Enquirer: 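Encoded as C-alpha cells, here's the structure I'll be asking about.
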Amino acid sequence: MATLVLDNGAYTAKIGYSQENVSVIPNCQFRSKTSRLKTFTANQLDEIKDPSGLFYILPFQKGYLVNWDVQRKVWDHLFGKEMFKVDFADTSIIITEPYFNFTSIQESMNEILFEEYQFQSALRINAGSLSAHHYFHSKPSELCCLVVDTGFSFTHIAPYCRSRKMKDGIRRINVGGKLLTNHLKEIISYRQLHVMDETHVINQVKEDVCYVSQQFYRDMEVAQLKGEDNTVMRDYVLPDFSSIKKGFCKPREEMVFNGKYKTGEQILRLANERFAVPEMLFHPSDIGIQEMGIPETIVHAIQSLPEDMQPHFYQNIVLTGGNTLFTGFRERLEAELRSLVPAHLPVSVLLPQNPISFSWEGGKLLAYSPDYDEMVVTREDYEENGHCICEDKFDI
C-alpha cells in the first residue's frame with residue numbers, strides 16, 4: 001500500500017509519496033488579466049504567458065480552509081492523471097491541518113477524503129507534529145523541542161515533549177508571509193509605483209531583496225545616506241514578461257546612483273523596505289498589530305511550561321516555514337532570545353536545510369514508523385463509526 005504525504009499549506013501544498021521526493025506546488029487557482037475566462041490550477045501557473053495582475057483564488061482564509069470548491073479543484077489536479085495518479089483504494093494519506101482547527105472543517109475534510117476520494121486510510125495531523133517527529137528522529141537523545149512555524153497566514157509556536165504536543169504552550173502570532181507581501185505592496189504603492197494588483201511580482205521582490213536586520217536603527221541610518229554610502233539600497237528590475245521573465249536585483253556595480261537609467265527597464269529602488277518589512281515578525285506593533293514578536297512569544301510560551309523542562313526547550317528550537325528563509329532571520333532570533341533568557345541557560349536555534357519541506361519529510365518518516373497503522377483511521381472504521389472515530393484517534 002502506498003502512502004501519500006500532503007502538507008496542505010495556505011500558500012503551497014507539499015506533496016509526494018513516502019518513497020519519493022517532495023513537490024512544492026501553489027495551493028490555489030489563478031486567473032490572469034489576459035485570459036479572464038480561463039482558470040489555472042496549482043502548477044499550471046507556469047503556463048500563464050503574462051502573470052502581471054495575476055488574480056489569486058485561495059482555498060484558505062486567515063489560515064483556515066474555507067473555500068472547499070477551490071481546494072477540491074486543486075486536489076483533483078494533484079491526485080489526477082497529470083500529477084500523482086493516486087489509486088485511492090490502495091492509498092493511505094497523511095494530511096496536515098492547522099492547530100485548533102474548527103470541527104466543521106475537520107468533518108468536511110473527513111467526508112471529502114473518505115466519501116468522495118475514498119482513500120483506504122487517512123491521518124489528519126498538525127504540520128508542527130510532523131516537524132517535531134522529524135526533529136526527534138534526527139536527535140533521538142532529545143526529549144523536548146519547540147517548533148516555530150512561520151508560514152503564509154500566521155506564526156505558530158508549539159512545544160513538544162516526547163513527540164506529544166503540550167497544548168498549554170501553543171501560541172499564535174497573526175503575522176505571516178501574506179501580511180509581509182501585502183505591506184510591501186502598500187509601501188511601494190505609496191512611495192513609487194502602484195503595485196496593489198501585482199501580488200505575484202511583489203512576493204518575488206520580497207523573497208529576492210528583503211532581509212532581517214541585526215541592528216535595526218543602524219540600518220535605518222545607513223538607508224538614509226545619499227549615493228554610494230547607502231549600502232542598503234538596491235535597484236530591482238521588474239519583469240516585463242516579454243524580454244525579462246523574472247525580476248532580479250541589479251548588481252552593485254551597475255547601479256546608477258544619481259540620474260536615470262539609459263536602459264528602458266522598470267526599476268524599483270528599495271532601501272529601508274528591505275529590512276522594515278521582515279521586522280514585523282519581530283515587532284508586529286510597528287504596523288499597529290498589538291501582539292508580541294516571535295522572540296517574546298517564545299519566552300512567553302516556554303515560561304508557561306513546567307520549570308524543569310524549560311532549559312530543554314531553549315536548547316531545541318527548530319524553525320520551519322517560508323519566512324525563516326530571510327537572510328539573518330535565525331541569527332536575529334537567537335540574539336534576541338539570548339537577551340531575554342536567563343544567562344545560565346544555553347539557547348540554540350536550528351534552521352533546517354529546507355525549512356519549507358521539513359514537516360513533509362517528517363510525514364515521510366512517520367509513514368515508515370511501526371506505530372503508523374495504529375494512528376490512522378481506515379475507511380471501514382469511518383463507515384462504521386463516522387466522525388467520532390476520527391475525533392478519538394487524531395490528536396488535534
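Model, not experiment: these values are computed from the prediction. Residue numbers start at 1 and run along the sequence shown.
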Enquirer: Can you establish whether the number of heavy atoms outside Glu207 located under 6.0 Å from its atom CD is more than 12?
Expert: yes
Enquirer: Could you walk me through whether Leu305 and Met166 pass the side chain to side chain contact (heavy atoms under 4.5 Å, CB included) test, one step at a time?
Expert: CA-CA 8 Å; Leu305 300 166; Met166 305 183 66; 3.9 Å; yes
Enquirer: If we ignore hydrogens and angles and just use 3.5 Å, is the side chain of Ser189 paired with the main-chain N or O of Val195 as donor and acceptor?
Expert: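 Yes, because the side chain of Ser189 sits within donor-acceptor range (under 3.5 Å) of the backbone of Val195.
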Enquirer: Side chains of Gln106 and Asn101 only: does a donor on one sit below 3.5 Å from an acceptor on the other?
Expert: no
Enquirer: Does Glu253, at its CD atom, have more than 12 non-hydrogen atoms belonging to other residues, nucleotides or ligands within less than 6.0 Å?
Expert: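 For Glu253, atom CD is crowded (more than 12 foreign heavy atoms under 6.0 Å).
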Enquirer: Do Phe30 and Tyr56 have ring centroids that are under 6.0 Å from one another?
Expert: yes
Enquirer: Should the ring pair His133 and His137 be called parallel, tilted or perpendicular, given that the plane angle runs from 0 to 90° and is split at 30 and 60?
Expert: tilted
Enquirer: Would you kindly say whether Thr378 and Ser121 are connected by a side-chain donor-acceptor distance under 3.5 Å?
Expert: no
Enquirer: Are Thr12 and Asn27 linked by a side-chain donor-acceptor pair shorter than 3.5 Å?
Expert: no
Enquirer: In terms of side-chain heavy atoms, does Thr3 have a donor or acceptor partner in Tyr17 at a distance below 3.5 Å?
Expert: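 No - no donor-acceptor pair under 3.5 Å links their side chains.
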Enquirer: Distance only, no hydrogens: is a donor on one side chain within 3.5 Å (strictly under) of an acceptor on the other, for Tyr11 and Ser153?
Expert: no
Enquirer: Honestly, is Arg124 close enough over Phe394, meaning NZ or CZ under 6.0 Å from the six-membered ring centre and within 45° of the axis?
Expert: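 No, Arg124 and Phe394 do not form such a contact.
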Enquirer: Going by the ring pair (Phe, Tyr, Trp, His ring centres under 6.0 Å) test, name the single residue among Phe88, Phe114, Trp75 that passes it with Phe119.
Expert: Phe88
Enquirer: Should we count CD of Glu380 as having more than 12 external heavy atoms under 6.0 Å?
Expert: yes
Enquirer: Would you say CZ of Arg252 has more than 12 non-hydrogen atoms from neighbouring residues, nucleotides or ligands within 6.0 angstrom?
Expert: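 Enclosed: over 12 neighbouring heavy atoms sit under 6.0 Å from CZ of Arg252.
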Enquirer: Inspect the surroundings of CD in Glu374 and state if more than 12 heavy atoms from other residues, nucleotides or ligands are less than 6.0 Å away.
Expert: no
Enquirer: Determine whether the side chains of Glu291 and Asn174 contain a donor N or O and an acceptor N or O closer than 3.5 Å.
Expert: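 Distance-only check passes for Glu291 and Asn174.
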Enquirer: Decide whether Asp168 and Ser304 meet the rule of one side-chain donor and one side-chain acceptor closer than 3.5 Å.
Expert: no
Enquirer: Any Lys/Arg nitrogen of Glu383 or Arg379 sitting under 4.0 Å from an Asp/Glu carboxylate oxygen of the other?
Expert: yes
Enquirer: Hey, are the side chains of Leu268 and Leu193 touching, using non-hydrogen atoms and a 4.5 Å cut-off?
Expert: yes
Enquirer: Decide, yes or no, whether a salt bridge links Glu20 with Lys364 under the criterion of side-chain N to carboxylate O below 4.0 Å.
Expert: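 Salt bridge between Glu20 and Lys364, a charged N being under 4.0 Å from a carboxylate O: no.
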Enquirer: With a 3.5 Å cut-off and no angle check, do the side chains of Arg171 and His300 form a donor-acceptor pair?
Expert: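 Note: Arg171 and His300 side chains meet the donor-acceptor criterion.
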Enquirer: Counting heavy atoms not belonging to Asp371, are there more than 12 under 6.0 Å from its CG?
Expert: yes
Enquirer: Within the supplied structure, the quantity of interest is the number of heavy atoms (other residues, nucleotides, ligands) at a distance under 6.0 Å from Glu384 CD; does it exceed 12?
Expert: no
Enquirer: Is a donor from one side chain sitting under 3.5 angstrom from an acceptor on the other, for Gln315 and Ser348?
Expert: no
Enquirer: So, Asn8 and Gln71: side-chain donor and acceptor under 3.5 Å apart, yes or no?
Expert: yes
Enquirer: Using only atom types and a distance under 3.5 Å, with no angle test, would you say the side chain of Tyr314 pairs donor to acceptor with the backbone of Leu337?
Expert: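 Between the backbone of Leu337 and the side chain of Tyr314 there is no qualifying donor-acceptor contact (under 3.5 Å).
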Enquirer: Decide whether Tyr236 and Ile187 are clustered together by the hydrophobic rule: side chain heavy atoms of Ile, Leu, Val, Met, Phe, Trp, Tyr closer than 4.5 Å, transitively.
Expert: yes
Enquirer: If hydrophobic clusters are built by linking Ile, Leu, Val, Met, Phe, Trp and Tyr wherever their side-chain heavy atoms come under 4.5 Å apart, do Phe79 and Val376 end up in the same one?
Expert: no
Enquirer: Ring of Phe282, cation from Arg332 - is the NZ or CZ under 6.0 Å from the centre and inside 45° of the axis?
Expert: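 Pair Arg332/Phe282 counts as cation-pi.
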Enquirer: For the residue pair His387 and Tyr382, does the interplanar ring angle fall in the parallel (under 30°), tilted (30 to 60°) or perpendicular (over 60°) class?
Expert: perpendicular
Enquirer: Quick test of your reading of the model: are Asp76 and Lys73 salt-bridged, counting only N-O distances below 4.0 Å?
Expert: no
Enquirer: Looking just at side-chain N and O atoms, do Asp219 and Asn272 make a donor-acceptor pair shorter than 3.5 Å?
Expert: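 Not at all, the side chains of Asp219 and Asn272 share no donor-acceptor pair under 3.5 Å.
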